[in-house]
Engineer: 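After the structure tokens below, expect a handful of questions from me.
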There are 2 protein chains.
Amino acid sequence: MEETIKVLVADDHTMFVDGIDSILKDEKDIEVVGRCYDGPSVIEFLKKESADLVLLDVNLPEMNGIEVCKIVNKDFKDTKILAISMFNEESFVTEILNHGAEGYILKNTGREELLTAIRTVNDGKTYFSKDVTQTIMKSLMKSRKASNSTKGFIPKISRREKEVLKLIVEEFTTQEIAKELFISLKTVESHRSSLLAKMNARNTAGLVRITMENKLLD
Amino acid sequence: MEETIKVLVADDHTMFVDGIDSILKDEKDIEVVGRCYDGPSVIEFLKKESADLVLLDVNLPEMNGIEVCKIVNKDFKDTKILAISMFNEESFVTEILNHGAEGYILKNTGREELLTAIRTVNDGKTYFSKDVTQTIMKSLMKSRKASNSTKGFIPKISRREKEVLKLIVEEFTTQEIAKELFISLKTVESHRSSLLAKMNARNTAGLVRITMENKLLD
DNA sequence: ATATAACTAGGGGTATTCCCCCAATAAAAT
DNA sequence: ATTTTATTGGGGGAATACCCCTAGTTATAT
């Protein structure tokens, strides 16, 4: 390896960043070019200087890791993301990987594995901790089950239906929805029954559950 | 300082321990004599070798920091405890301090402050991070004030209520729930209204949304 | 251009939820 | 031992949701 890997460390825990620094400074092929303690700082840094890889804490203040990941992937395509987190939480893992992170390791990862992860991701491959791999497997299993139980998707929900659905989830009654959207009570009822049919739900409880399970309002 | 301070590092996050190690190895008056990744190991270590100070993570697996703290204070009176945690949580702080920890710092503490904390505690004084001091003050101030501001606060939901709630989320009607649980329609209605009150919901939609948001059925 | 879907709205009726009141028994906490 | 909470159950009524039907207008896609 002729060139050094330029690493930007982003974590709000100073001591942790110090630790990473200490670990990486002994490596000839790796150079820590910056340290950030919140999301926006990462973006600011990358606007001024370049980095090959961001060691990115998923749980950052101000702007969380997922948001940062989105922006970096859009505006700084040459910069890779190695996500790092305290928690082996399925939601964190899957979400940040869906937004362009090339790797995900846990903070209980050892020194050697950290170095391996950085070099692997920098080479354009992906790297996951063993535990994380298991988590990903689990979530894949679950999503398969979920999509099976829903019996083939949810048909497209129209713009107006989505507005109604949003208000239903927010505990509005049909009357209140009608007033809010300046339409007739009967129209709202019509949308409601369309939603029940499309989502294959029996009642309001089903509408809300399926909405949350499938994140239909995001 | 003639003698070196013998430090035992106890944290389940390998990378963090590595970081501490890297920071402390440059200091002539401080020596890391051991590394533990769970509570019982700390006790085992102290039975065999001595340490002046344990850098103790509050959230340890197997046996948490408070338990470890109790035992160390009882059986190894010469060993000081410097508690360390990710979270500036009032409950953690007050509880471990009440069980004999001499200091409490956060993981976002910088290198210099860590070294200061270790030397201060080793000298028989106490050391708290600035943030922690504030937290202690706050807890003394409010102590009695109920936590209304906690938006996500949900009173305890009883076993039976949880059963009813589960079936509501699964789109059962009150009648069906009554049959399923072998109780009267009126009893189910009673549970329903208790749930509405406890969860501060207006209707079924709210029950389901709050249930999903807070993962009340896991 | 001509279906297809979306948005609108009504009539009429049943089912369900939500609300108030109440109260006995059992279990758990103080 | 006493209080509180949980679980059970009821009467009655108002509000809401759900279901059947139809149907005109307006986008949108083929």
Side-chain angles (χ1 to χ4, degrees), chain A residues 150-214 216-218, chain B residues 91 143-144 146-148 150 153-214 216-218:
Chain A
T150 319
K151 286 174 205 161
F153 259 168
I154 289 145
K156 198 180 94 216
I157 291 167
S158 74
R159 169 195 133 267
R160 202 55 159 172
E161 283 166 352
K162 203 172 275 187
E163 288 175 10
V164 171
L165 184 57
K166 182 171 177 292
L167 295 175
I168 291 172
V169 172
E170 288 174 5
E171 301 179 45
F172 282 62
T173 67
T174 302
Q175 268 184 26
E176 292 165 347
I177 294 170
K179 277 185 190 165
E180 183 76 16
L181 300 181
F182 304 105
I183 53 180
S184 154
L185 186 82
K186 272 298 178 181
T187 305
V188 180
E189 282 188 333
S190 178
H191 288 312
R192 269 195 111 112
S193 67
S194 297
L195 286 166
L196 287 172
K198 281 187 181 176
M199 293 164 73
N200 202 25
R202 296 180 61 196
N203 51 34
T204 304
L207 288 185
V208 176
R209 179 176 47 76
I210 295 166
T211 300
M212 309 281 288
E213 277 175 357
N214 299 71
L216 298 181
L217 299 178
D218 302 342
Chain B
S91 54
S143 65
R144 194 63 47 97
S147 52
N148 272 5
T150 321
F153 176 71
I154 291 153
K156 198 179 106 226
I157 292 168
S158 74
R159 170 196 132 265
R160 203 55 160 171
E161 284 166 350
K162 205 171 274 186
E163 289 175 10
V164 172
L165 185 57
K166 182 172 177 290
L167 295 175
I168 290 173
V169 172
E170 288 172 6
E171 303 178 44
F172 284 60
T173 67
T174 302
Q175 268 185 30
E176 291 165 348
I177 295 170
K179 277 184 190 167
E180 183 76 15
L181 300 180
F182 304 104
I183 53 180
S184 152
L185 186 82
K186 272 297 178 182
T187 305
V188 180
E189 283 188 333
S190 178
H191 289 312
R192 270 195 111 111
S193 66
S194 298
L195 286 166
L196 287 171
K198 281 187 181 177
M199 294 165 73
N200 201 28
R202 295 180 63 196
N203 50 35
T204 304
L207 288 185
V208 177
R209 180 177 46 76
I210 295 165
T211 300
M212 309 282 289
E213 277 175 356
N214 299 73
L216 298 181
L217 300 178
D218 300 343

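Letters A, B, ... mirror the listed sequences (proteins, then strands); counts begin at 1. In this text, all values refer to a predicted model and were calculated from it rather than measured experimentally.
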Engineer: Name the residue closer to the 5' end of DNA chain D, choosing between A:Q175 and B:E189 according to the nucleotide with the nearest heavy atom.
Structural biologist: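 It is B:E189, whose closest nucleotide lies nearer the 5' terminus.
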Engineer: As an exercise, state the distance from CD1 of B:I168 to CG of B:L195, rounded to the nearest 0.5 Å.
Structural biologist: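 The CG atom of B:L195 is 6.0 Å from CD1 of B:I168, to the nearest 0.5 Å.
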Engineer: Select one nucleotide: of C:dG10, C:dT8, D:dT8, the one nearest the side-chain heavy atoms of B:I183.
Structural biologist: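 The answer is D:dT8.
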Engineer: May I ask you to verify if any side-chain N or O of B:R160 is less than 4.0 angstrom from the OP1 or OP2 atom of D:dT8?
Structural biologist: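 So the side chain of B:R160 is within the cut-off, an N or O lying under 4.0 Å from OP1 or OP2 of D:dT8.
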Engineer: If only atom types and distance count, is the side chain of B:S190 paired as donor or acceptor with the main-chain N or O of B:K186 below 3.5 Å?
Structural biologist: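 Not a single qualifying donor-acceptor pair exists.
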Engineer: Expressed in angstrom and rounded to an integer, what is the separation of A:R159 atom CZ from D:dT26 atom C1'?
Structural biologist: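 After rounding, the reported distance stands at 12 Å.
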Engineer: Look at the side chain of B:K156 and decide which nucleotide, out of C:dA6, D:dA17, D:dA6, has an atom nearest to it.
Structural biologist: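 So the side chain of B:K156 is nearest to D:dA6.
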Engineer: Taking the P atom of each, how far is D:dC20 from C:dT8, in whole Å?
Structural biologist: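 Between the two P atoms, the distance is 22 Å.
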Engineer: Thinking salt bridges, do B:E163 and B:K166 make one under a 4.0 Å N-O criterion?
Structural biologist: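 Looking at B:E163 and B:K166, the cut-off is not met.
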Engineer: Side chain of B:T204 only, heavy atoms from C-beta on: which candidate in C:dC18, C:dG10, D:dC18 is closest?
Structural biologist: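 Given the options C:dC18, C:dG10, D:dC18, the side chain of B:T204 is closest to C:dC18.
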Engineer: Please give, in whole Å, the distance from D:dA17 P to B:E171 CD?
Structural biologist: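 It is 16 Å, rounded to the nearest whole Å.
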Engineer: Which value, in whole Å, describes the distance between the P atoms of nucleotides D:dC21 and C:dC7?
Structural biologist: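 D:dC21 and C:dC7 have their P atoms separated by 22 Å.
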Engineer: Could you check whether B:L185 gets within reach of a base, just the sugar-phosphate, or nothing at all, counting any heavy atom under 4.0 Å?
Structural biologist: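 Here B:L185 touches no strand at all.
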Engineer: Check the distance between C:dT17's C1' and B:I177's CD1 and give it to me in whole angstrom.
Structural biologist: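 Computing the B:I177:CD1 to C:dT17:C1' distance gives 11 Å.
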Engineer: Of the listed nucleotides (C:dC18, C:dT8, C:dT16), which one gets closest to any side-chain atom of B:T173?
Structural biologist: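 From the listed options, C:dT16 comes nearest.
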Engineer: What integer distance in Å separates A:K162:NZ from C:dA5:C1'?
Structural biologist: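 Taking NZ of A:K162 and C1' of C:dA5, I get 16 Å after rounding.
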Engineer: Please report the distance, rounded to the nearest Å, between CD in A:E163 and P in C:dC7.
Structural biologist: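 Value for this atom pair: 8 Å.
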Engineer: Donor-acceptor pair, distance only, cut-off 3.5 Å: does the side chain of B:N214 make one with the backbone of B:L216?
Structural biologist: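 No, B:N214 side chain to B:L216 backbone: no donor-acceptor pair under 3.5 Å.
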Engineer: Name the residue closer to the 5' end of DNA chain D, choosing between A:E176 and B:S194 according to the nucleotide with the nearest heavy atom.
Structural biologist: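 It is B:S194 whose nearest nucleotide is closer to the 5' end.
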Engineer: Can you tell me the distance, in whole Å, between the CG atom of A:L181 and the P atom of C:dT8?
Structural biologist: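 After rounding, the gap between these two atoms is 8 Å.
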Engineer: Look at the side chain of A:K162 and the backbone N and O of A:L217, then say whether any donor-acceptor pair between them is shorter than 3.5 Å.
Structural biologist: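 It does not hold such a pair.
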Engineer: Between A:R192 and D:dA17, is there a contact of a side-chain N or O with OP1 or OP2 at under 4.0 Å?
Structural biologist: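 It does, given that an N or O in the side chain of A:R192 lies less than 4.0 Å from OP1 or OP2 of D:dA17.
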Engineer: Starting from P on C:dC18, measure out to NZ on B:K186 and report it in whole angstrom.
Structural biologist: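 Taking NZ of B:K186 and P of C:dC18, I get 13 Å after rounding.
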Engineer: Tell me whether the side-chain N or O atoms of A:S190 pair up with the base of C:dT8 as donor and acceptor below 3.5 Å, since no angle test is needed here.
Structural biologist: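 Answer is yes: a donor-acceptor pair is held.
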Engineer: Provide, to the nearest angstrom, the distance between the NZ atom belonging to B:K179 and the P atom belonging to C:dT16.
Structural biologist: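 Rounded to whole Å, this separation is 10 Å.
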Engineer: Please determine if a side-chain N or O atom of B:S184 lies less than 4.0 Å away from the OP1 or OP2 oxygen of D:dG10.
Structural biologist: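 The answer is yes; a side-chain N or O of B:S184 sits under 4.0 Å from OP1 or OP2.
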Engineer: Under 4.0 Å between a Lys/Arg side-chain N and an Asp/Glu carboxylate O for A:K179 and A:E176?
Structural biologist: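 No, A:K179 and A:E176 are not salt-bridged.
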Engineer: What is the nucleic acid contact for B:S193, judged by heavy atoms within less than 4.0 Å: base, sugar-phosphate only, or nothing?
Structural biologist: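 Since no nucleic acid heavy atom lies under 4.0 Å of B:S193, the category is nothing.
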Engineer: Would you tell me if any nitrogen or oxygen in the side chain of A:T187 comes within less than 4.0 Å of OP1 or OP2 on C:dA9?
Structural biologist: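 A:T187 to C:dA9 OP1/OP2: side-chain N or O found under 4.0 Å.
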Engineer: Using OP1 and OP2 only, check whether a side-chain N or O of B:H191 sits under 4.0 Å from D:dT7.
Structural biologist: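 It does not, given that no N or O in the side chain of B:H191 lies less than 4.0 Å from OP1 or OP2 of D:dT7.
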Engineer: Picking from C:dT17, C:dT8, C:dC19, which would you name as closest to the side chain of B:L196?
Structural biologist: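 It is C:dC19.
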